[in-house]
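Below is one structure; the comments refer to it alone.
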Amino acid sequence: MEGIEHTTVEANGIKIHIAEKGEGPVILFLHGFPELWYTWRHQIQALASLGYRAVAPDLRGHGDSDAPADGTCYTSLHVVGDIIGVVDAIGADQVFVVGHDWGAYMAWYLCLYRPDRVKALVNLSVPFSPRNPRRKPLDSLSALFGDDYYICRFQEPGVIETEFGEIGVDRVLKHFLTYHDPSPLLLPKGKKAFGDDPATPIALPSWLSEEEVHYYTSKYKKTGFTGGLNYYRSLDRNWELTASFTGCQIKVPTKFIVGDQDLTYNAPTKEFIQSGGLKKFVPLLEDVAVMEGVGHFIHEEKPDEINQHIYNFFRNF
């Protein structure tokens, strides 16, 4: 894409690929699954044109960054270590941060562990989830949604990768990127993931082209999905490692944005936000924007609106 520079930096003992454009205060964009730096293509161009240095890494396990073979190396401590390494490598003392999906999850942990490095935060789709000292995350998810819930189905190494391999990388990515349903995503055991019928074409929405899907496909064909899936497989390990943070607050100025058709919103999340739970644990939360009719990949579906939200919030600092 025009004007975007690609470099590789050493961070936390591994190589991290970053894409960047622009000059000025740094905005660090953190992607989710199944995404890459490329998920921020609209934001990079827009925020660079507005006077910011937009920097988007491929997180460990994704794209052109290293993917450690040890599945236990994908905890929040590892990933936040990478992020701090990237911030150091680009010569920034403090950065603005924008996260989506797993990128939002890691951005919350970044603000929990190292609030001194973050000026302000805009997080998309995934709210902060305070640690429940009485029950591990996977036990809670299984109790809420059953063992066919996609996060539960991702846990056993190799199983879902085999199913995805039978479907094909391109179709798997299209299934994820076009998912626009507020109900929980279930992948029943004993059936092909997504109930896939290879004879049925997957229609793309107006905001996603075949060319854009092809970029994702070209990278995931090289890496496979295991790196990204290891984040899900680290949920309980993160819980074990963060016992000392039970009850801690996120003390960084924050804006949270979510679509009302996002599966992450239509769970206990909506009640948590509306009842003041998010504000309780994120006391510097300045705004929550719920976008009507918008799904999970909110920054791709409504890039102009998200760009404006980011700019209007960060310009205050």
Side-chain angles (χ1 to χ4, degrees), residues 7-32 37 39-40 43-44 47-48 50-62 65-66 73-124 126-131 231 234 238 241-242 244-245 247-257 278 281-287 309-311 313-317:
T7 56
T8 299
V9 300
E10 295 279 348
N12 195 23
I14 65 172
K15 291 182 173 63
I16 298 287
H17 163 254
I18 62 173
E20 67 169 292
K21 183 177 182 179
E23 297 181 359
V26 175
I27 302 178
L28 187 67
F29 292 93
L30 305 176
H31 68 79
W37 75 267
T39 192
W40 300 112
Q43 286 69 44
I44 292 171
L47 275 300
L50 292 168
Y52 290 90
R53 181 184 178 189
V55 178
D58 283 334
L59 297 181
R60 72 165 52 204
H62 296 82
S65 292
D66 283 350
C73 293
Y74 290 80
T75 70
S76 60
L77 292 172
H78 290 92
V79 178
V80 171
D82 299 345
I83 295 167
I84 293 298
V86 168
V87 173
D88 289 342
I90 63 175
D93 293 324
Q94 278 194 317
V95 294
F96 294 109
V97 177
V98 181
H100 174 255
D101 190 78
W102 273 106
Y105 180 95
M106 292 304 173
W108 292 122
Y109 275 112
L110 171 64
C111 293
L112 186 64
Y113 300 155
R114 294 300 305 272
D116 58 305
R117 305 303 295 272
V118 183
K119 290 181 184 177
L121 170 69
V122 172
N123 253 354
L124 313 178
V126 176
F128 180 65
S129 180
R131 184 180 184 277
Y231 287 65
S234 298
N238 288 332
L241 292 170
T242 55
S244 62
F245 289 90
C248 287
Q249 295 176 316
I250 302 293
K251 295 184 177 178
V252 169
T254 299
K255 178 166 187 164
F256 180 69
I257 310 170
L278 184 59
F281 284 94
V282 189
L284 299 183
L285 178 68
E286 298 191 14
D287 187 28
H309 276 298
I310 294 169
Y311 177 68
F313 187 60
F314 287 162
R315 68 191 298 190
N316 296 322
F317 300 93

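No experiment lies behind these values; they were computed from the predicted model shown.
- Using bins of under 30°, 30° to 60° and over 60° for the plane-to-plane angle, the ring pair His62/His31 lands in the perpendicular bin.
- Under the 4.5 Å side-chain criterion, counting only non-hydrogen atoms from C-beta, Asp88 is in contact with Arg117.
- Contact annotation: the side chain of Trp108 approaches that of Thr254 to within less than 4.5 Å [non-hydrogen atoms, C-beta and beyond].
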Working for salt bridge (charged side-chain N to carboxylate O under 4.0 Å, His left out), residues Asp287 and Lys255 = CA-CA 5 Å; Asp287 187 28; Lys255 178 166 187 164; 3.2 Å; yes
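- For the atom pair CG of Asn316 and NZ of Lys119, the computed distance is 13.0 Å after rounding to the nearest 0.5 Å.
- The aromatic rings of Tyr109 and Tyr113 sit tilted relative to each other, their planes meeting at an angle between 30° and 60°.
- A distance of 6.0 Å separates CZ of Phe96 from CZ of Phe314, quoted to the nearest 0.5 Å.
- In this structure, Leu77 CG and Asn238 CG are separated by 7.5 Å, a value rounded to the nearest 0.5 Å.
- Asn12 and Asp82 make their closest contact through ND2-OD1, 2.9 Å (heavy atoms, listed as atom of the first residue, atom of the second, distance).
- From Leu59, atom CG reaches atom CH2 of Trp102 across 11.0 Å, with rounding to the nearest 0.5 Å.
- Using cut-offs of 30° and 60° for the angle between ring planes, the Trp40 and His100 rings count as perpendicular.
- Between Thr75 and Ser234 the shortest heavy-atom distance is N-OG, 4.0 Å.
- Using a 4.5 Å heavy-atom cutoff, the side chains of His309 and Val122 are not in contact.
- Of all heavy-atom pairs spanning Val97 and Ala107, the tightest one is CG1-CB, 3.9 Å.
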Side chain to side chain contact (heavy atoms under 4.5 Å, CB included) evaluation trace for Arg114 with Ile84 | CA-CA 9 Å; Arg114 294 300 305 272; Ile84 293 298; 4.0 Å; yes
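- How far CG of Leu285 is from CG of Leu121: 9.5 Å, rounded to the nearest 0.5 Å.
- Heavy-atom minimum distance, Glu20 versus Ile18: OE2-CD1, 3.9 Å.
- At a threshold of 4.5 Å between non-hydrogen side-chain atoms, the residues His78 and Cys73 count as touching.
- Within the 4.5 Å cutoff, side-chain heavy atoms of Tyr311 are placed close to those of Leu47.
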Please assess Leu241 against Ser76 for the test side chain to side chain contact (heavy atoms under 4.5 Å, CB included), listing each intermediate value before the final yes or no.
-> CA-CA 9 Å; Leu241 292 170; Ser76 60; over 6 Å; no
Start with the C-alpha gap between Tyr231 and Arg60, add the side-chain angles, then the distance that decides, and say whether side chain to side chain contact (heavy atoms under 4.5 Å, CB included) holds.
-> CA-CA 10 Å; Tyr231 287 65; Arg60 72 165 52 204; 3.4 Å; yes
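- Contact annotation: the side chain of Ile310 never approaches that of Tyr52 to less than 4.5 Å [non-hydrogen atoms, C-beta and beyond].
- Contact annotation: the side chain of Pro57 approaches that of Leu28 to within less than 4.5 Å [non-hydrogen atoms, C-beta and beyond].
- For the pair Glu286 and Phe313, the minimum side-chain heavy-atom distance is below 4.5 Å.
- Relative ring orientation between His17 and Trp37 is described as perpendicular, the plane-to-plane angle rising above 60° on a 0-90° scale split at 30° and 60°.
- Taking both residues in full, the closest heavy atoms of Lys251 and Pro283 are given as CG-CG, 4.4 Å, listed atom of the first, atom of the second, then distance.
- Nearest approach of Asp116 to Gln94, heavy atoms of both residues: O-NE2, 2.9 Å.
- Atom CZ of Phe281 is separated from atom OG of Ser129 by 9.0 Å, given to the nearest 0.5 angstrom.
- At distances below 3.5 Å, at least one donor-acceptor pair connects side-chain atoms of Ser65 with backbone N or O atoms of Asp58.
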